[in-house]
Amino acid sequence: MKQKLSIIKIGGNVIENEVELNKFLDSFSAMQGSKILVHGGGKLATQIAEKLGIESKLVGGRRITDEEGLKVITMVYGGLANKNIVAQLQARGTNAIGLSGADGNTIRAVKRPVREIDYGFAGDVEEVNAGAIDKLLQADFVPVFCAITHNKEGQLLNTNADTIASEVAIGMSSNYDTTLYYCFEKKGVLMDISDETSVVKHLEPGNYQELLKQKIIADGMLPKLENCFHALNKNVGKVCIGDLDMLNPKATLFTTITL
Ligand SMILES: Nc1ncnc2c1ncn2[C@@H]1O[C@H](COP(=O)(O)OP(=O)(O)O)[C@@H](O)[C@H]1O
Ligand SMILES: CC(=O)N[C@@H](CCC(=O)OP(=O)(O)O)C(=O)O
C-alpha cells in the first residue's frame, strides 16, 4: 500500500491575516504524516507593488507579470511570505524547508505562450521533479513551495499557486496516496456566497456543470475547480476545499470533490 501524503494550499487571504495564518500553521503543524505546503500571496504582492508605484493587472485570476512585476513577485513570494511561513513552522517544531520551483529543479515551467493576452513572465508547469521532492520528504523535511517556477534557462516564472499545488499532487501520486486540500477563507464551495452554511458537501462532474450554468461558481473558484478535476483525472486520490477547520480530523463541513 502506498504511503499517505497531504498537499495543502493556502491562499492570499489566509497569508495576509496574521491571526488566520497562525491558526492555519498550528493546524498544519499538528497534521500527522508526510505533508507539503503550497502558498499563494497574490493580495500581498498587489499591496506591495502599489507601495512601489507598480500597477497590478490580473486577467481571469492570473497576473500579467512584466519585468518589474517579477521582481516584486520574487521578493514577496520567495522572500517575505515563504521565509516567514518557514520560520513560523520551525517555531512549531516542524522542519520546514522553503522552496521555489528553481530550488532542486523541483518545478520546471514554460513561459505561457502569447495568444490573445501576453501574460509576461507567467509560467505553465511542464515537469514536477517528484524524485527530488521525495528525497526531502524521506529526510523528514516539510517542503513549503511559493508560487514561483523556473524554465531551467535562468528565467523565474510567476505561477498560479493553485496550479502548483495540483501539479505537485499529480507528480507525487505515482509514489504516494495523495490528498489535495485547498484552504481558503470560506467553508467550501457555497451555493450562496454570503451564507457559510450553504456548503456543497459533495461536488462531482454532474452538479459541477449545473453550478457553472447557474453561475454559482465564479471568479477565483473557476480556476480552482478546474485544478481540482484535473488533479483527480491524473490520479490524485482525494481533493477537498474548505477553511482552516478542514484540517481538523473531526471537521465535517467542507467540500469533497470526486469524479
Ligand atoms: N460558489 C462559490 N463558493 C465559494 N467561493 C466562491 C464561489 N464562487 C466564487 N467564489 C470566490 O472564489 C474565491 C476563492 O478564489 P481565490 O480568491 O482565487 O482563492 P485563494 O484565496 O485560495 O487564492 C472566494 O474568495 C470567493 O469570493
Ligand atoms: C500567474 C499568477 O497569477 N500567479 C499568482 C501567484 C500567487 C497566487 O496564486 O496567490 P493566491 O493563491 O493568493 O491567489 C499571482 O501572482 O497572483
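Residue indices begin at 1 and follow the sequence shown.
- Side-chain contact check for Phe184 versus Met221: some heavy-atom pair is nearer than 4.5 Å.
- Atom CG of Asp124 and atom CD of Glu167 lie 9.0 Å apart (nearest 0.5 Å).
- Rounding to the nearest 0.5 Å gives a distance of 5.5 Å between CD1 of Ile257 and CG of Leu225.
- Asp219 has no carboxylate O lying under 4.0 Å from a charged side-chain N of Lys224, or vice versa, which leaves the two without a salt bridge.
- Heavy atoms only, all atoms of each residue included: Lys35 and Pro143 are closest at O-CD, 3.6 Å.
- Between Leu37 and Leu89 there is a side-chain heavy-atom pair separated by less than 4.5 Å.
- Asn227 places a side-chain N or O within 3.5 Å of a backbone atom of Pro223 that can act as its donor or acceptor partner.
- Rounded to the nearest 0.5 angstrom, Asp134 CG and Ser34 OG are separated by 8.5 Å.
- When all heavy atoms of Phe229 and Thr258 are compared, the closest pair comes out as CE2-O, 3.6 Å.
- Thr94 contributes no side-chain N or O that, together with a main-chain N or O of Ala96, makes up a donor-acceptor pair within less than 3.5 Å.
- Of the possible donor and acceptor atoms, one in the side chain of Ser198 sits under 3.5 Å from a partner among the backbone N and O of Asp192.
- Ion pairing of Asp177 with Lys238 is absent here, as no side-chain N (NZ or NE/NH1/NH2) approaches a carboxylate O to less than 4.0 Å.
- For the pair Gln214 (side chain) and Ile216 (backbone), a donor-acceptor distance under 3.5 Å is absent.
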Exercise for the section: Determine, step by step, whether Ile48 and Met75 satisfy the side chain to side chain contact (heavy atoms under 4.5 Å, CB included) criterion, reporting the C-alpha distance in whole Å, the side-chain angles of both residues, the deciding distance to 0.1 Å, and the verdict. Expected result: CA-CA 10 Å; Ile48 291 177; Met75 291 188 280; over 6 Å; no

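- Ion pairing between Lys187 and Glu196 fails under the 4.0 Å rule for side-chain N and carboxylate O.
- Under the 3.5 Å distance criterion, with hydrogens and angles disregarded, no donor-acceptor pair is assigned to the side chains of Ser173 and Asn235.
- The nearest pair of heavy atoms linking Val38 to Ala161 is CG1-O, 3.6 Å.
- Looking at Asn207, its side chain does come within 3.5 Å of a backbone N or O of Glu204 through a donor-acceptor pair.
- Counting heavy atoms from C-beta on, the side chains of Phe254 and Asp245 never come closer than 4.5 Å.
- Listed for the Lys9 side chain is no donor-acceptor partner under 3.5 Å among the backbone atoms of Leu180.
- Side-chain polar atoms of Asn22 and Arg92 form a donor-acceptor pair below 3.5 angstrom.
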